[in-house]
Amino acid sequence: MATFKDVLPSQHGWIHELAKAEVHPEAERLLQLGRSFDPQQLVEESTIEFLTELRERFTEFARLFNSYSENSVRFQEIKVYSLAQTAADFMVFRNQVKLVVNNSAHGVIQISFAQHVRSTIAVDGQIQNATNPGAQTQSQDLLAQVGPFRDIFWTFQGEKVTPDQVAKFYFAEFVRLTRDTRRSKAGNQILLDQIKALLQEKGLDL
């Protein structure tokens, strides 16, 4: 069981802020050193932290997934990019499909799929409809909530979620969504031809 000594040094920042204000109370008032206790500021900091953790997990998942792509079993690799001029937003890309994870508004992390091909995309069984089939998008939001003691937690459809849960779900959805179906169809056709040949040998027809 974790003890108080196991708390990471990075989680002691609030004590550091209190100590600075204790030594320089006037500076706290002038420089707003106590801003770290402002709920709005806490949400902004939590947003960057949550996004960073998501990006780290997606990057690690992509690295592990791509490691299975070898000459004998070759598939299109997944790539993770940081979005320019943002604090922690990022994008996952494969086979002309993008998964964009960004801080779309205060206390909101938006996760959106977009593809630039003339076909529909489906996320968790829901087909995306769009007026412009050449640039389809589908987005879902994570919302920050401020707890009774100014602790910040993230929710999806009213339920509390963690970066690990979110990353695992959307990475799996992204892999399924971006799978090269043309190769699967080609493989299915070969299998079908083999079955037909076997049936014909036995005097049967498919």
Side-chain angles (χ1 to χ4, degrees), residues 8 10-11 13-14 16-17 28 31-62 78-117 119-178:
L8 297 174
S10 60
Q11 296 176 308
W14 63 277
H16 179 65
E17 293 290 327
E28 178 190 35
L31 302 178
Q32 294 185 326
L33 296 179
R35 183 168 169 74
S36 61
F37 298 100
D38 175 23
Q40 183 169 341
Q41 178 68 15
L42 290 172
V43 168
E44 292 176 3
E45 292 173 356
S46 178
T47 301
I48 295 176
E49 181 181 353
F50 200 95
L51 280 168
T52 300
E53 291 189 39
L54 281 178
R55 184 175 60 191
E56 290 173 351
R57 283 164 173 75
F58 268 97
T59 301
E60 180 63 13
F61 294 164
I78 294 175
K79 298 180 180 179
V80 180
Y81 302 98
S82 296
L83 297 184
Q85 299 179 343
T86 62
D89 299 350
F90 65 96
M91 175 183 72
V92 187
F93 181 82
R94 183 170 83 144
N95 287 336
Q96 303 303 312
V97 178
K98 297 185 295 184
L99 174 64
V100 180
V101 185
N102 71 308
N103 178 206
S104 59
H106 179 71
V108 179
I109 292 177
Q110 185 178 77
I111 302 175
S112 57
F113 286 86
Q115 80 180 127
H116 297 281
V117 293
S119 61
T120 58
I121 60 178
V123 180
D124 196 22
Q126 298 179 354
I127 300 297
Q128 168 62 22
N129 296 316
T131 55
N132 180 7
Q136 300 179 30
T137 61
Q138 176 176 355
S139 64
Q140 295 172 322
D141 294 336
L142 305 179
L143 304 179
Q145 300 288 336
V146 182
F149 299 104
R150 290 184 294 202
D151 51 317
I152 310 299
F153 56 92
W154 289 84
T155 65
F156 177 72
Q157 296 181 350
E159 297 292 334
K160 186 175 180 179
V161 295
T162 66
D164 196 51
Q165 290 174 311
V166 175
K168 284 181 179 178
F169 175 81
Y170 281 101
F171 186 84
E173 287 293 319
F174 183 79
V175 169
R176 285 191 284 266
L177 179 64
T178 61

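Across all non-hydrogen atoms, the minimal contact from Ile48 to Ala88 is O-CB, 4.0 Å. Here the shortest heavy-atom pairing between Ser104 and Gln110 reads OG-CB, 3.5 Å. Pairing each heavy atom of Phe174 with each of Lys98, the nearest pair is CE1-C, 4.2 Å. The two residues Ala62 and Val80 make their nearest non-hydrogen contact at CB-CG2, 4.1 Å.
Contact of the Phe169 side chain with the Gln165 side chain is not registered, since no non-hydrogen atoms from C-beta on lie closer than 4.5 Å. Proximity of Val100 to Leu83: side-chain heavy atoms (C-beta onward) are separated by under 4.5 Å at one or more points. Residues Val146 and Val43 have side chains in contact (heavy-atom distance under 4.5 Å, counting atoms from C-beta outward). A heavy-atom distance below 4.5 Å is not found between the side chains of Leu177 and Leu99.
Thr86 pairs by the side chain to side chain donor-acceptor pair (under 3.5 Å) definition with nothing, not counting sequence neighbours. Under the side chain to side chain donor-acceptor pair (under 3.5 Å) criterion, Ser46 pairs with Trp154, not counting sequence neighbours. For Phe90, the ring pair (Phe, Tyr, Trp, His ring centres under 6.0 Å) partners two or more places apart in sequence, or in a different chain, are Phe58. Glu56 meets the side-chain contact (heavy atoms from CB on, under 4.5 Å) test with Thr52; sequence neighbours excluded. With sequence neighbours left out, the side chain to side chain donor-acceptor pair (under 3.5 Å) criterion links Lys168 to Asp164. Under the side chain to side chain donor-acceptor pair (under 3.5 Å) criterion, Glu60 pairs with Arg63, sequence neighbours left out. Legend: residues meeting side-chain contact (heavy atoms from CB on, under 4.5 Å) with Val175, ordered by chain and number and at least two apart, are Phe65, Ile78, Arg94, Phe171, Arg179. Listed by chain and residue number, Gln140, Leu142, Val161, Tyr170 satisfy the side-chain contact (heavy atoms from CB on, under 4.5 Å) test with Phe156 (two or more places apart in sequence, or in another chain).
One distance of note links OG1 of Thr47 with CG of Asn102; it measures 11.0 Å at 0.5 Å rounding. Taken to the nearest 0.5 Å, the CG atom of Asn103 stands 12.0 Å off from the CZ atom of Phe50. To the nearest 0.5 angstrom, Gln145 atom CD is 5.5 Å from Phe153 atom CZ.
Remark: side-chain polar atoms of Arg55 are not paired, donor with acceptor, to backbone N or O of Leu51 under 3.5 angstrom. Proximity of a side-chain donor or acceptor of Asn95 to a complementary backbone N or O of Thr178 within less than 3.5 Å is detected.
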Side chain to side chain contact (heavy atoms under 4.5 Å, CB included) between Val166 and Ile109: does it pass, once the steps are laid out? CA-CA 11 Å; Val166 175; Ile109 292 177; over 6 Å; no

